[in-house]
Amino acid sequence: MAVRKQVLVIHGPNLNLLGKREVQIYGKTGLAAIDNHLKELGRQLEVEVETFQSNHEGAIVDRIQAAIGVIQGLIINPAAYTHTSIAIRDAILALDVPSIEVHLSNIHGRENFRHNSMIADVVKGRISGLGPLGYELALRAMAVLLG
Ligand code: DQA
């Protein structure tokens, strides 16, 4: 039996508050529902999905480093760290697997400081503004990329 490809999904700061936080922007779906849906979809797509959320930049860097040589694809919503974190960018470069950047909201339709992404040019693709559906589309795309 073929070994399943492993995909890591990382959620950055404040995404643990999804469903309670600024629902007019981020919607009513909680993070556990998003993660459970991705794991279920992973079973259908025959990829192993692991999820991780942290409010701490260093913990996200540590999680990416621990995935080096272990996972084949990364889906990441760095949340506010999208706009600031060279450390997460460097960790993604070190990981060196196809990565997809996801944002629930359309970061280009919001404040100017959200328009910049420190990881935009090091990821394979980006999805922004489609709410939780963005994660699902990212996982479907990743399954195709990993073939
Ligand atoms: C976000 C957009 C970021 O600007 C913001 O800081 C977040 C969430 C999104 O998913 O839309 O926390 O990454």
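These numbers come from a predicted model, not from an experiment. We use all heavy atoms of the structure for the numbers below, so side chains are in, but hydrogens, waters and symmetry mates are not. Numbering of ligands and ligand atoms starts at 1, following listing order.
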Side-chain contact test, heavy atoms from C-beta onward, threshold under 4.5 Å: evaluate it for His103 versus Pro78 and give yes or no.
yes
Identify all N/O pairs between ligand 1 and the protein with a separation under 3.5 Å and present them as a table of atom names and distances.
{"from": "ligand 1", "atom 1": "4 (O)", "to": "His83", "atom 2": "NE2", "distance (Å)": "2.7"}
{"from": "ligand 1", "atom 1": "4 (O)", "to": "Arg114", "atom 2": "NH1", "distance (Å)": "2.9"}
{"from": "ligand 1", "atom 1": "6 (O)", "to": "Ala80", "atom 2": "N", "distance (Å)": "3.3"}
{"from": "ligand 1", "atom 1": "6 (O)", "to": "Arg114", "atom 2": "NH1", "distance (Å)": "3.0"}
{"from": "ligand 1", "atom 1": "10 (O)", "to": "Asn77", "atom 2": "ND2", "distance (Å)": "2.8"}
{"from": "ligand 1", "atom 1": "10 (O)", "to": "Leu104", "atom 2": "N", "distance (Å)": "2.8"}
{"from": "ligand 1", "atom 1": "11 (O)", "to": "Leu104", "atom 2": "N", "distance (Å)": "3.3"}
{"from": "ligand 1", "atom 1": "11 (O)", "to": "Ser105", "atom 2": "N", "distance (Å)": "2.8"}
{"from": "ligand 1", "atom 1": "11 (O)", "to": "Ser105", "atom 2": "OG", "distance (Å)": "2.6"}
{"from": "ligand 1", "atom 1": "12 (O)", "to": "Arg21", "atom 2": "NH1", "distance (Å)": "3.2"}
{"from": "ligand 1", "atom 1": "12 (O)", "to": "Arg21", "atom 2": "NH2", "distance (Å)": "3.0"}
{"from": "ligand 1", "atom 1": "13 (O)", "to": "Asn77", "atom 2": "OD1", "distance (Å)": "2.8"}
{"from": "ligand 1", "atom 1": "13 (O)", "to": "His103", "atom 2": "ND1", "distance (Å)": "2.8"}

Does Ile64 reach the side chain of Ile76, with side-chain heavy atoms less than 4.5 Å apart?
yes
Counting C-beta onward and ignoring hydrogens, is there a side-chain heavy-atom pair between Asn77 and Tyr135 closer than 4.5 Å?
yes
Leu104 versus Leu15: any side-chain heavy-atom pair under 4.5 Å?
yes
Could you tell me whether the side chain of Arg89 and the main chain of Met118 form a donor-acceptor pair under 3.5 Å?
yes
When you compare the side chain of Ile10 with that of Ile88, does any pair of heavy atoms fall below 4.5 Å?
no
